[in-house]
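What follows is a single structure, written as structure tokens, with notes after it.
Read the numbers this way: they start at 1 and go in the same order the structure lists the ligands and their atoms.
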Amino acid sequence: MTFQEEIKRRRTFGIVSHPDAGKTTLTEKLLLFGGAIRVAGAVKSNKIKKGATSDFMEIERQRGISVATSVMGFEYNSYKINILDTPGHQDFQEDTFRTLTAVDSVIIVIDAAKGVEPQTEKLMNVCRMRKTPVIVFVNKMDRPAQDPFTLMDEIEEQLKIKVRPLSWPINNGPDFKGVYNIFNKSLKLFKPDIQGIEERIKFEDISNPELENYIGDDAEILREELELVEGVYPEYDNAPYLAGDLAPVFFGSALYNFGVQELLDAFVEIAPSPRPSFTEEREINPEENGFTGFVFKIHANIDPNHRSRIAFVKICSGEFERNKMYKNIRLGKSFRISSPTAFMASQKEIVEFAYPGDIVGVPDTGNFIIGDTLTDGEVIHFKGLPSFSPEMFRYIENADPMKSKQLRKGVDQLMDEGVAQLFTSQFNGRQIIGTVGQLQFEVIQYRLEHEYNAKCRFEPISMHKACWIETDDEDILTEFKKRKHQKMAKDKLGRDVFMADSKFILQMAQDEFKDIKFHFTSEF
Ligand code: G4P
């Protein structure tokens, strides 16, 4: 197979949803089709169950699972599929956001009864920002559901994207009869006991009275609704989907493996192969010969007996080859990657070659941080990896003076992993941890103790926002830092950060220093 063919057959995507909409179930059913797993139940949910925030064994167990299921690669027909898993719990959403920088498209799962939920909206915002093509899967049609037209309107309004149904449900809940696949003009009947293996019935002309034989009185309703669908929505066109302006919609029931193969078949056909990516210097085309990639995730200390880390590298261009020297641009140093792993069928195995769209796991002893660019020499810097804006802040203090070295190392490594952000106050030298959720503080404390043998204590701090400040005028910057010296801090890379304790203080500073830009994430 040529290099170009390898690229064209790759589909790298993420499945996202509000917790409980069915992301894990759908992922598992897709893996069954790909032969990546043989039995249902093999993919364990890596979500942290509600109310279990202090169940640390659970966190550990899930960290173990989530490394195994971080990337699930499998072959389907002649396609190479890479599913990138994203954590369900909202306290880990920045992990999800970063993973979304490594996908070429997204499937959003929506609960047919609940419709669009808050986290679905947030995730869609990230997709919209990046113009990521999105397919919507309306799940749980076997349960009483909202009217499909109402759902379509809700998706359009709340997710701010045009929709185009490519399948249509026939009733719902106990009366759910199946779906009509508009994309390939076929009928698929729902029988709860046979797990979706029933054949599709080719049904080009739905005015054919034979339809009544299959779905009885629902036939007439289906005809009316499909007529309305065709009247309301323009004919399906792949271009707006690829541009991120239109979401094709499918209906089904992941639990009953119903509508999943339809989704997968349409997905491989219409979803994009690896797309160009952007660096500060230039656009990178996947078909270029030079190897480029970036680190979007780091996992440390999965096995407590080995101080191991894995850096997840998304390949953006060129062919990746084992044992070749690749340069970490941030460090200006080259490394030989002798045991890169691929994630096939949720098992890790050493790979000799990998292609754009693929993710390779690089064993790391502390050389990589999230956002690092790897190339075969060219100096470029990938951009667009969001660093989240922390919403909660605490002072971190050493609770065991004999272990200060361990604490420093632990905090350092956890920050490299992207668990939270660290700021050092320039006023009193104290260290401040910023996170997006309460759970992260508990995770940090737990992992410091169990992985680094260090103890920490958090102390409350009243803080509203951390703002990275930027101006071309050195004098203004000096003046700002002098005036606000009690509120100035440095981030891990030594950049100036203004720690505003209230919305009001922030507004005052912005009014007072109009030539300074206040950024709420470190990527600007
Ligand atoms: P998530 O990853 O998006 O959080 O959702 P997950 O797949 O774990 O599904 C959440 C719950 O919804 C699970 O039930 C799952 O079995 C159920 N579910 C998923 N898809 C469907 C569907 O198409 N129809 C119906 N009726 N239910 C569905 P649970 O009881 O919370 O968990 P479990 O004990 O079954 O694992």
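Between P286 and P274 the shortest heavy-atom distance is CG-O, 3.4 Å.
Contact annotation: for L255 versus ligand 1, heavy atoms closer than 4.0 Å belong to both the backbone and the side chain. Both the backbone and the side chain of K23 come within 4.0 Å of ligand 1, counting heavy atoms alone. At a 4.0 Å heavy-atom cut-off, ligand 1 touches T25 through backbone and side chain alike. Looking at S253 against ligand 1, both its backbone and its side chain come within 4.0 Å, counting heavy atoms.
For the side-chain hydrogen bond (donor to acceptor under 3.5 Å, both in side chains) with S253, the qualifying choice from D142, N172, N139 is D142, the only one to do so.
Shown in contact with D20 at under 4.0 Å from a heavy atom are these atoms of ligand 1, numbered in order with element: 1 (P), 3 (O), 4 (O), 5 (O), 10 (C), 12 (O). Less than 4.0 angstrom separates some heavy atom of P19 from each of these atoms of ligand 1: 4 (O). Those atoms of ligand 1 with a heavy atom of S17 less than 4.0 angstrom away are 3 (O).
Environment of CD in E227: sparse, with no more than 12 heavy atoms of neighbouring residues, nucleotides or ligands closer than 6.0 Å. Under a cut-off of 6.0 angstrom, the local environment of CG in D217 is sparse, with at most 12 non-hydrogen atoms contributed by other residues, nucleotides or ligands.
Contacts of F278 classified as ring-ring contact (aromatic ring centres under 6.0 Å, His included), with partners at least two apart in sequence or in another chain: none. Considering only residues two or more places apart in sequence or on other chains, Y355 meets the ring-ring contact (aromatic ring centres under 6.0 Å, His included) condition with none of them.
The pair D104-K314 meets the salt-bridge criterion, since a charged nitrogen lies less than 4.0 angstrom from a carboxylate oxygen.
On a distance-only criterion, A254 and ligand 1 share at least one N/O pair closer than 3.5 Å. Considering backbone and side-chain atoms alike, G22 places an N or O below 3.5 Å from some N or O of ligand 1. Checked against a 3.5 angstrom limit, the closest N/O atoms of Y256 and ligand 1 fall outside it.
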